[in-house]
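Following: one structure in structure tokens, then a few remarks.
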Amino acid sequence: MINLNLYGWNEELNQSKQESIYKALFHGRISIVHRTCYEVIAEDGTFQCELTGNLMFGKSNFDLPCVGDWVIFQQFDHNKGIILDLLPRHHVLYRRKSGSVSEKQAIASHVDKAFIVQSLDDNFNLRRMERFMVQVVQEGIQPVLILNKADLDYDRAFIEEEIRQKAHQLPVFFTSIHQPETILQVRNTIAEGETVVFVGSSGVGKSSLVNSLCGKPVLLTGEISTSTGKGKHTSTRREMVIMEGAGIIIDTPGVREFGLAVDDPASLTEMLDLSGYAELCRFKNCTHTNEPGCAVLEALDTGSLPQTVYDNYIKLQKEAWHFYTSEHEKRKRDKSFSRILEEVKKRKPRL
Ligand SMILES: Nc1nc2c(ncn2[C@@H]2O[C@H](COP(=O)(O)OP(=O)(O)OP(=O)(O)O)[C@@H](O)[C@H]2O)c(=O)[nH]1
Ligand SMILES: [Zn+2]
């Protein structure tokens with residue numbers, strides 16, 4: 001018998017289950033998605049499940065279950081099932097599907113904290129960190145910065161100076177899988193039943209960290225490729241694992257570029273340290289690009305706002321607006337399409 005409280009099951013989820021017409025069936029949490037096959041952890045063990053047609057058709061991609069989702073399923077055989085219902089999601093980590101402008105993809109759900117992992121070699125990049133931060137904060141997920149491979153040679157003074165401006169926004173940890181005490185520090189911040197997702201570029205050590213946190217190898221890690229000295233891309237599927245006596249970890253595969261899927265582009269100034277200036281702009285709806293009396297541009301001119309911070313803001317802002325507007329266009333189109341379908345249905349067949 002598996003205690004699902006350790007996997008994050010709680011009273012709130014139980015309440016939403018009671019509202020489902022399938023409340024008499026089993027519930028469980030998705031730990032791996034493999035194309036159309038979902039591995040579900042339930043009280044009676046692990047089940048290989050498929051989706052019922054209702055959950056599959058007429059749904060956007062991001063409505064499909066993802067790792068971390070709680071579902072209700074009908075068991076058949078001893079370890080198989082059909083997923084009939086998806087409990088309401090909260091704190092979902094989305095990203096824009098690569099190669100698309102407006103299609104978002106759910107990566108993990110019911111997430112409490114996001115560990116944004118960078119390695120202390122040439123991967124360290126605050127602007128890239130901001131990209132992840134913007135996305136997770138949007139969903140009410142708490143960001144944490146993990147600077148890994150602290151055993152390597154790096155300029156600690158430089159890094160500390162760089163992250164000083166960020167330290168008030170998110171906790172920062174220096175870790176190394178070769179220094180157990182640094183792993184323990186991170187582990188102590190994860191409470192029982194809490195869900196943590198790992199995000200970051202390929203090769204920064206996400207899977208290695210997960211293994212170290214669990215105290216045993218639970219995920220495959222990339223071997224060093226001798227030619228480049230970098231880890232090979234390994235994770236092709238997402239996995240959820242549990243740490244004994246602590247929370248739940250979801251590892252995500254490293255992606256070359258993590259595309260923003262934010263619904264509130266206006267929130268960017270706050271997260272990117274521009275709000276202090278933006279409040280002083282003459283116009284309330286200032287875009288900080290060419291307006292007179294723009295305090296952001298002024299700060300840029302006097303040098304108190306670094307050009308790199310501003311450039312990143314403009315880049316993310318553009319991307320967010322692009323996503324936001326095309327998503328709205330698409331919704332409008334979908335709506336009128338479903339209206340046409342309704343009309344078609346209403347029409348009586350002529351005999
Ligand atoms: N020196 C050092 N190497 C590390 C550390 N953590 C991980 N590595 C190495 O970095 C390489 C990549 O590690 P992974 O854990 O596979 O990286 P990942 O972020 O999961 O990569 P993807 O699965 O591709 O997203 C492996 O060769 C690890 O042994 C660390 O703290 N110090
Ligand atoms: Zn302005």
Side-chain angles (χ1 to χ4, degrees), residues 32 67 95 98 107-108 114-124 128 132 146-154 173-187 196-214 216-239 241 249-258 265-266 268-270 272-302 304-305 309-310 313-314 317:
I32 302 175
V67 174
R95 78 175 179 99
S98 50
I107 294 178
F115 285 6
I116 303 168
V117 186
Q118 301 201 326
S119 53
L120 286 158
D121 43 28
D122 50 8
N123 180 260
F124 174 75
R128 188 182 311 121
F132 285 110
I146 305 280
L147 297 173
N148 191 37
K149 307 198 186 181
D151 53 290
L152 298 180
D153 249 351
Y154 67 96
F173 290 92
F174 287 78
T175 60
S176 161
I177 56 165
H178 306 301
Q179 298 164 354
E181 67 284 0
T182 63
I183 304 296
L184 197 62
Q185 272 175 354
V186 173
R187 193 186 153 109
V196 169
V197 68
F198 277 68
V199 293
S201 317
S202 189
V204 295
K206 296 181 297 297
S207 307
S208 309
L209 283 168
V210 173
N211 288 340
S212 302
L213 282 164
C214 291
K216 59 181 178 208
V218 286
L219 299 178
L220 286 176
T221 59
E223 312 118 47
I224 297 262
S225 125
T226 38
S227 55
T228 63
K230 285 184 179 159
K232 266 190 264 170
H233 180 84
T234 45
S235 327
T236 50
R237 50 182 200 174
R238 286 157 217 135
E239 295 202 45
V241 293
I249 304 181
I250 296 175
D251 187 30
T252 70
V255 284
R256 195 160 297 136
E257 170 123 305
F258 188 91
L268 255 57
T269 47
E270 201 178 316
L272 302 182
D273 285 327
L274 265 71
S275 59
Y277 305 114
E279 278 163 17
L280 306 174
C281 293
R282 188 182 305 158
F283 303 112
K284 236 186 146 201
N285 59 354
C286 187
T287 63
H288 321 305
T289 48
N290 55 12
E291 290 86 344
C294 172
V296 172
L297 292 177
E298 215 174 278
L300 195 61
D301 283 343
T302 62
S304 61
L305 175 66
V309 175
Y310 178 77
Y313 162 75
I314 293 293
Q317 184 78 313

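Order of listing sets the numbers, starting from 1, for every ligand and every atom in it.
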Heavy-atom count check: over 12 atoms from other residues, nucleotides or ligands less than 6.0 Å from Glu298 CD? no
What lies under 2.8 Å from the Zn ion (ligand 2), restricted to protein N/O/S atoms, is Cys281 SG, Cys286 SG, His288 ND1, Cys294 SG
At under 4.0 Å between heavy atoms, is it the side chain or the backbone of Asn148 that contacts ligand 1, or both, or neither? side chain
Considering only heavy atoms from C-beta outward, does the side chain of Leu268 approach that of Tyr313 to under 4.5 Å? yes
Check whether any N or O atom of Ser208, backbone or side chain, sits under 3.5 Å from an N or O atom of ligand 1, and answer yes or no. yes
Give the atom numbers and elements of ligand 1 that come within less than 4.0 Å of a heavy atom of Ser176. 31 (O)
Polar atom proximity, Ala150 to ligand 1 (N or O, under 3.5 Å): no
Residue pair Asn123 / Lys149, side-chain heavy-atom distance below 4.5 Å: no
Provide the number and element of each atom of ligand 1 under 4.0 Å from a heavy atom of Asp151. 1 (N), 2 (C), 30 (C), 31 (O), 32 (N)
Can you list the atoms of ligand 1 that are under 4.0 Å from a heavy atom of Ser207? 15 (O), 18 (P), 20 (O), 23 (O)
N or O pair under 3.5 Å between Thr175 and ligand 1: no
Where the closest heavy atom to atom 3 (N) of ligand 1 is concerned, which of Gln118, Lys206, Lys149 has it? Lys149
In the structure I gave you, are the side-chain heavy atoms of Pro292 and Phe283 within less than 4.5 Å of one another anywhere? yes
Where do Leu120 and Tyr154 come nearest, in terms of heavy atoms and distance? O-CB, 3.4 Å
So, do Val186 and Phe115 sit near enough that their side-chain heavy atoms are less than 4.5 Å apart? yes
Looking only at heavy atoms, the pair that brings Ser212 and Ile177 closest together is OG-CG2, 3.3 Å
If we only consider heavy atoms of Gly200, is any one of them less than 4.0 Å away from an atom in ligand 1? no
Is Tyr277 close to Leu297 at the side-chain level, that is, under 4.5 Å between some pair of heavy atoms? no
Give the minimum heavy-atom separation between Arg187 and Cys214, together with the two atoms involved. NH1-CA, 4.4 Å
Does Asp153, at its CG atom, have more than 12 non-hydrogen atoms belonging to other residues, nucleotides or ligands within less than 6.0 Å? no
Leu152 to ligand 1: N or O pair under 3.5 Å? no
So do Leu274 and Val309 actually touch side chain to side chain, heavy atoms under 4.5 Å? yes
Does a donor on one side chain and an acceptor on the other come within less than 3.5 Å for Asn148 and Thr175? yes
Polar-atom distance check: Leu209 versus ligand 1, any N or O pair below 3.5 Å? no
Ligand 1 N/O within reach of Asp251 N/O, cut-off under 3.5 Å: no
